[in-house]
Q: 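Sending over a structure as structure tokens; questions will come in a sec.
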Amino acid sequence: MIKYERTHGLTDVHTHYCPGCTHGMLHKLVGEVLEELGILGKTIGLASVGCSVFSYEYINTDFQQVPHGRACATATGIKRILPDRIVFTYQGDGDLASIGIAETIHAANRGENITVIMANNATYGMTGGQMAPTTLIGQKTTTSQDGRTFAQHGNPMKVSEIFSQIDGAAYVERTSMHDIANIKKTKKAITKAFTYQMENRGFTLIEVISTCPVNWGMKPREALDWSKEHMLPIFPLGVYKDVMKP
Amino acid sequence: MSKVLMKGNEAIVRAAIAAGLDAFFGYPITPQNEIPEYMSKLMKENGRIFVQAESEVAAINMVYGAAGAGARVMTSSSSVGIALKQEGISYIAGSELPCVIVSVMRAGPGLGGIQPSQADYFQATRGGGNGDYRVVVLAPESIQETVDLMKQAFDIADLYRNPVMVLADGLIGQMMESVDLDKPIKKRHIEPKTYATTGTDYHEGRNIINSLGLDPVYLEQHNFALERKYKEIIKHEVQYEMINMEHAEYVIVAYGTVARIARSAIQALTDMNIHVGLIRPISLWPYPKKAFDLIPKTCKGILVVEMSLGQMLDDVLISNKGRHKVAFYGRAGGMVPEPEEIVEAILHFDEKVVD
Amino acid sequence: MKKGKLTFDDESCKGCELCISFCPVHILSLDKDRINSSGYNLISVSDIDKCIACAFCAVICPDSVIKVEVFEHE
């Protein structure tokens with residue numbers, strides 16, 4: 001009996017992601033959830049700009065590759081035209097919370113029935129490890145080489161907390177990928193988000209604490225442990241909004 | 001059919017809906033506010049999509065999504081707002097999607113003014129987005145022509161899978177004229193949108209709308225394919241009007257509102273026994289270069305008149321190929337020329353020569 | 001008692017060693033003598049009899065390299 005095998009929610013293409021990058025696990029989870037919910041064939045994904053720009057090669061649905069930060073606006077255009085299809089965006093912390101914060105907030109505010117998967121690894125991975133809105137105080141990046149300071153850069157942005165305040169958001173949860181139990185919780189959260197979309201409950205956002213081994217200068221396991229030890233205290237896990245449980 | 005008296009901005013809305021518009025995404029900006037306002041009412045009444053986006057940036061990206069999903073879609077804005085859309089327009093062209101963008105020009109640069117202008121000719125035809133792409137640009141001079149070109153724009157966009165801009169100015173947007181909304185346009189055969197991202201259950205294979213091409217070998221071929229498309233557009237989609245060219249001593253080149261003012265000037269000059277012709281480009285891209293081959297050899301010069309510091313002037317210099325003297329007369333900042341000013345410019349042609 | 005059978009899609013492996021790190025019975029290791037066509041070292045199983053078919057290795061793998069089958073063993 002097969003206990004675990006590659007999901008049909010992924011294509012056969014080998015990913016370009018670095019060894020041990022959490023994008024791999026997160027793509028897998030999205031693919032598995034779409035397959036298990038039986039909605040692969042009616043789903044359209046939005047590939048943002050970042051390491052995950054190639055998500056259109058890896059997740060087995062129709063896709064649109066969109067400008068940096070604009071995924072939630074493009075998703076709005078698709079969902080309004082095709083309201084019975086499932087639309088999701090896959091965005092990093094820079095794409096969603098920096099250049100894309102307006103489009104993401106307004107899609108949530110309008111209560112657009114889309115699902116946003118946010119990979120938060122506190123850095124701009126694709127471009128070589130620059131500071132991102134979610135970079136931690138003291139974290140050294142290529143544009144905060146002495147470490148982020150509040151005085152110069154402000155505090156890291158708390159995305160789930162922000163979106164929990166928006167009426168149009170139906171489900172907001174922050175999860176993590178740092179161990180098996182939390183990967184399974186992430187899958188449950190993603191399942192809930194897509195289910196809420198299928199039930200037309202509104203905007204759903206899952207913020208997934210992720211790693212960037214290469215730009216953090218760590219091995220993959222070390223990076224997962226670092227994310228647990230240093231990111232979770234700043235970005236507490238949990239459900240921040242559930243419209244079914246006010 | 002019967003004619004109705006309509007404001008330009010409102011006629012744009014009616015024409016788009018008559019052409020089968022599925023979705024409108026826009027944002028307030030003077031002098032085109034009537035477009036999103038009227039759209040918000042009529043699109044709802046017609047069971048179609050209207051969204052007031054949070055910005056012009058968001059609006060063009062909503063257009064991108066809906067176009068990729070197979071819809072007939074448009075946005076509208078003015079000058080400053082069109083500047084914000086440039087990234088999206090480049091993506092739409094690079095991904096080979098259709099859409100219609102209406103620009104109702106106002107004075108600039110920067111926040112500028114709300115009075116009419118033609119100082120976005122470069123913005124429209126050269127584009128502020130990145131890369132080798134073109135936008136088909138159509139410039140009406142009357143509200144009837146605006147309606148006709150709006151309907152054509154959707155067909156041209158679908159046929160070539162490219163953005164099409166309908167370029168008006170604040171005068172056309174705000175003035176009222178009688179218009180026949182049912183006047184038919186040339187029928188074109190448009191292929192079904194098999195590229196649309198509607199979900200893999202709904203079409204063959206997997207559809208991906210994308211402009212990324214990290215492999216330069218692939219990306220060059222993609223650019224060459226775009227170039228072949230643009231050459232087809234240049235071959236088939238040039239539109240212009242020429243009047244009074246026989247024995248023309250001078251030729252005025254003007255488009256949109258300024259062409260109408262030029263017509264009055266030409267009438268006044270004819271009364272003074274000075275024969276002046278008019279080349280009125282209707283497609284600004286592709287530009288009617290070949291019209292300039294028809295200027296009589298005896299013509300003393302070409303006067304370009306624009307509500308700008310001289311932007312279409314560059315295309316006239318290119319099309320003229322040094323054959324005739326070229327002069328320029330322009331107003332800026334929202335000032336609209338009177339016919340008398342154009343008459344004076346012809347009478348003092350040599351003082352206005354630029355080349 | 002549950003027993004596991006592991007199948008590896010070697011060409012997909014990037015040698016990230018996460019499976020090794022998360023295996024609760026420590027039967028996985030990096031094989032320095034084998035590489036795939038991308039140049040990554042592959043995984044070898046030291047003692048498949050110890051596998052409890054928890055599938056932690058497959059769950060943590062970013063590249064869906066491991067297929068886990070489970071069967072009852074007397």
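First the proteins, then the strands, lettered A, B, ... as listed; each starts at 1.
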Q: For chain A, which residues from residues 122-135 of chain B have at least one heavy atom closer than 4.5 Å to it?
A: none
Q: Is the shortest side-chain heavy-atom distance between A:R70 and B:E87 below 4.5 Å?
A: yes
Q: Kindly confirm or rule out a cation-pi arrangement of B:R206 over A:Y56, judged by NZ or CZ under 6.0 Å from the six-membered ring centre and within 45° of its axis?
A: no
Q: Should B:I208 and A:D62 count as side-chain neighbours, where that means a heavy-atom distance under 4.5 Å?
A: no
Q: For the candidates A:A73, A:G77, A:P67, A:A47, which exhibits the highest count of non-hydrogen atom pairs separated by less than 4.5 Å from chain B?
A: A:P67
Q: Against chain A, label B:V73 side chain, backbone, both or neither, depending on which of its atoms sit under 4.5 Å from a heavy atom there.
A: neither
Q: Using side-chain heavy atoms (C-beta onward) and a distance below 4.5 Å, is B:T198 in contact with A:K42?
A: no
Q: State, to 0.1 Å, how close A:E103 and B:S55 come at their nearest heavy-atom pair, and which atoms those are.
A: OE2-OG, 4.3 Å
Q: Where on A:V49 is there a heavy atom nearer than 4.5 Å to chain B: the side chain, the backbone, both, or neither?
A: side chain
Q: Which is it for B:V51 and A:R110 under the side chain to side chain contact (heavy atoms under 4.5 Å, CB included) test, yes or no, and what are the steps along the way?
A: CA-CA 10 Å; B:V51 179; A:R110 288 190 299 268; 4.1 Å; yes
Q: Decide yes or no for B:I209 and A:Q65: does some side-chain heavy atom of the first lie under 4.5 Å from some side-chain heavy atom of the second?
A: no
Q: Side chain from CB out, backbone as N, CA, C, O: work out which of these in B:A196 comes under 4.5 Å of a heavy atom of chain A, or both, or neither.
A: backbone
Q: Mind listing the closest non-hydrogen atom pair of B:Y64 and A:T74 along with its distance?
A: CD2-CG2, 3.7 Å
Q: Only pairs of heavy atoms separated by less than 4.5 Å count here; which of A:I81, A:N109, A:T11, A:V53 has the most with chain B?
A: A:I81
Q: Between B:A69 and A:I78, which heavy-atom pair has the shortest distance, and what is it?
A: CB-CG2, 4.2 Å
Q: Please give me the minimum heavy-atom distance between B:L214 and A:F54, naming the atom from each residue.
A: CD1-CZ, 3.4 Å
Q: Quick one: of A:N60, A:I39, A:L40, who has the most non-hydrogen atom pairs under 4.5 Å with chain B?
A: A:N60
Q: Given that the side chain runs from C-beta out, which part of B:Y195 has a heavy atom under 4.5 Å from chain A: side chain, backbone, both or neither?
A: neither
Q: Examine whether an atom of A:R85 lies under 4.5 Å from a heavy atom of chain B, and if so say whether it belongs to the side chain, the backbone or both; otherwise answer neither.
A: side chain
